[in-house]
Amino acid sequence: MSFPTRPLGQSPLMVSPLCFGGNVFGWTVDPSTSFALLDAWLGSGMNFVDTADVYSRWVPGHVGGESETLIGQWLQKSGKRKQLVLATKLGKDMGDGKVGLHPKYIKQAVDASLTRLQTDYIDLYQTHDDDPNTPLEDVLGTLGELIQAGKVRAIGASNYSAQRLAEALDCSDRHRLARFDSLQPLYNLYDRAAYEAELEPLCRTREVGVINFYALAAGFLTGKYRSAADATKSARGASTTGKYLNERGLRVLAALDEAAAAHQATPAQVALAWQIARPSVTAPIASATSLEQLQELVRGAQLQLSPATVAALDAASAEDG
């Protein structure tokens, strides 16, 4: 099986219509399961995996780098580096003053990631957060040096406002610096307004690829969490039910249930298919902790929704509705 790949912004990268979120590696899945998931992801016809240096520092006893380390071990064992479009991020607090986007730290962080990943290049290197204390010209200039050195193929931004992303793109044009070819924003059927209002038109106009995180709203859009009692089902349950379990959230789930029945699919597959069909979205990011969940993601990428279904989902999830 293979999926038609999509260009990521103006970069040379061609990516599958879904991206595997690597935050689970070394956190909610052990090494052997991580390896099996990565093998199955490529085996299913997908080629895109996203991680970050900070994954999974929030776990007691972890220091960050756990996800990258497991991916690196898998790359060495599998020999499949050239089949993979590998994305990682820097800038979140790694402790000991390792935070932000100062040029000196960028150079340290990329080398640390390359070492953990056991590779000599990163396909997509992303700034995990904006750093208002470092001039954009310095950030983009340094990231451009990494591209010139062959350590990085393309660069992207995560968690940037539309204003700051526009400033960064203008800075690249003005000073002929490397440009952000991707944006990683929060976006899904529930979390729509922040992206659609300003970021989406900017990304379309400036040809910036979009690889949105929380594509399944931390599991809520799978239909797994429908009451407060469901919060105990996973490590993410409590935060998920707290944010999404309300009148609008239940309306979204009802629309997903109806669409899933009409298309002989599951709510998760429908939620992913709705995003993949959106012209501004390159590849939603979603995670799986089992081979069964991974196959559900893959089937979501195969699903073609009818215009009537898309319209019904749009209406049900409208934030002013």
Side-chain angles (χ1 to χ4, degrees), residues 3-11 13-21 46-48 50 85 87 124 126 156-162 165-166 180-222 244 248-249 251-253 255-256 258-260 262-263 265-287 296-321:
F3 289 91
T5 54
R6 301 170 163 200
L8 185 66
Q10 296 179 3
S11 81
L13 305 179
M14 299 294 294
V15 300
S16 54
L18 268 181
C19 180
F20 194 104
M46 301 292 182
N47 72 348
F48 199 11
D50 174 74
V85 177
L124 178 66
Q126 303 156 97
S158 178
N159 298 309
Y160 275 48
S161 68
L165 180 59
F180 288 135
D181 272 315
S182 68
L183 174 71
Q184 191 171 146
L186 168 65
Y187 186 58
N188 56 57
L189 253 176
Y190 186 98
D191 298 295
R192 293 181 58 183
Y195 169 70
E196 292 180 9
E198 296 183 344
L199 286 166
E200 183 175 41
L202 174 64
C203 289
R204 293 199 71 181
T205 300
R206 304 294 289 269
E207 296 183 52
V208 175
V210 174
I211 53 173
N212 51 298
F213 66 87
Y214 277 6
L216 292 174
F220 178 74
L221 296 175
T222 66
Y244 298 115
R248 184 167 156 263
R251 189 168 67 240
V252 170
L253 288 185
L256 283 171
E258 186 173 339
H263 288 271
T266 66
Q269 291 163 22
V270 172
L272 290 173
W274 177 85
Q275 293 167 66
I276 291 169
R278 196 167 187 94
S280 67
V281 173
T282 309
I285 301 171
S287 298
E296 177 150 18
L297 300 183
V298 172
R299 286 192 290 270
Q302 297 169 321
L303 182 61
Q304 299 288 321
L305 300 179
S306 69
T309 295
V310 172
L313 291 168
D314 286 348
S317 60
E319 299 212 29
D320 59 356

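Not measured: the values here are computed from a predicted model.
R6 places a side-chain N or O within 3.5 Å of a backbone atom of T282 that can act as its donor or acceptor partner. Between the T205 side chain and the P201 main chain, a donor and an acceptor come within less than 3.5 Å of each other. Between the T222 side chain and the G219 main chain, a donor and an acceptor come within less than 3.5 Å of each other. Side chain of R299 to backbone of A265: no donor-acceptor contact under 3.5 angstrom is found. Side-chain N or O atoms of E319 include one that pairs as donor or acceptor with a backbone N or O of A193 at under 3.5 Å.
Looking at heavy atoms from C-beta onward, S182 lies out of side-chain contact with V210 at the 4.5 angstrom threshold. Two residues are said to be in side-chain contact when any heavy atoms from C-beta on lie closer than 4.5 Å; V310 and D314 meet this criterion. At least one side-chain heavy atom of L216 sits under 4.5 Å from a side-chain heavy atom of L297. Looking at heavy atoms from C-beta onward, L199 lies out of side-chain contact with S161 at the 4.5 angstrom threshold. At least one side-chain heavy atom of Q184 sits under 4.5 Å from a side-chain heavy atom of I285.
Around the CD atom of Q10, the shell of radius 6.0 Å holds more than 12 heavy atoms that belong to other residues, nucleotides or ligands.
Partner of P185 under the side chain to side chain contact (heavy atoms under 4.5 Å, CB included) criterion, out of N212, N159, I211: N212 alone.
Closest non-hydrogen pair, S306 versus H263, comes out as N-CE1, 3.3 Å. Residues L202 and A162 approach most closely at CD2-O, 3.3 Å, considering heavy atoms. Across all non-hydrogen atoms, the minimal contact from P7 to M14 is CA-SD, 3.6 Å. Scanning all heavy atoms of the two residues, the minimum distance from A316 to V252 falls at O-CG2, 4.0 Å. P284 and P17 get closest at one heavy-atom pair: CD-O, 3.2 Å. Of all heavy-atom pairs spanning L303 and A273, the tightest one is O-CB, 3.6 Å.
We find the CZ-OG distance between R204 and S280 to be 6.5 Å, quoted to the nearest 0.5 Å. Here L189 contributes atom CG and Q275 contributes atom CD; the two are 6.5 Å apart, rounded to the nearest 0.5 Å. Here T5 contributes atom OG1 and L13 contributes atom CG; the two are 10.5 Å apart, rounded to the nearest 0.5 Å. Atoms CZ and CG, on R192 and L186 in that order, are 13.0 Å from each other to the nearest 0.5 Å. Rounding to the nearest 0.5 Å places CG of N47 at 14.0 Å from CZ of F20. Y214 OH to Y244 OH: the interatomic distance, rounded to the nearest 0.5 Å, is 7.0 Å.
Between the side chains of W274 and N188, no donor-acceptor pair is found at a separation under 3.5 Å. Remark: the S158 side chain and the Q126 side chain contain no N/O donor-acceptor pair separated by less than 3.5 Å.
Ring centroid separation for the pair F213 and Y187 does not come in under the 6.0 Å cut-off.
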Inset, instruction - Would you sort out whether F48 and L18 count as a side chain to side chain contact (heavy atoms under 4.5 Å, CB included), showing the intermediate values? - result: CA-CA 7 Å; F48 199 11; L18 268 181; over 6 Å; no
Inset, instruction - Assess whether side chain to side chain contact (heavy atoms under 4.5 Å, CB included) is satisfied between V85 and L124, documenting all intermediate values. - result: CA-CA 8 Å; V85 177; L124 178 66; 5.6 Å; no
Inset, instruction - Might you work through the side chain to side chain contact (heavy atoms under 4.5 Å, CB included) test for R251 and S317, ending with a clear yes or no? - result: CA-CA 7 Å; R251 189 168 67 240; S317 60; over 6 Å; no
Legend entry - Chi angles and distances behind the salt bridge (charged side-chain N to carboxylate O under 4.0 Å, His left out) call for R278, E196: CA-CA 11 Å; R278 196 167 187 94; E196 292 180 9; 3.5 Å; yes
Inset, instruction - Any chance you could lay out the side chain to side chain contact (heavy atoms under 4.5 Å, CB included) test for L313 and V270, step after step, and finish with the verdict? - result: CA-CA 9 Å; L313 291 168; V270 172; 3.6 Å; yes
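Both cation-pi conditions hold for R248 and Y190: the charged atom is under 6.0 angstrom from the six-membered ring centre and inside a 45 degree cone around its axis.
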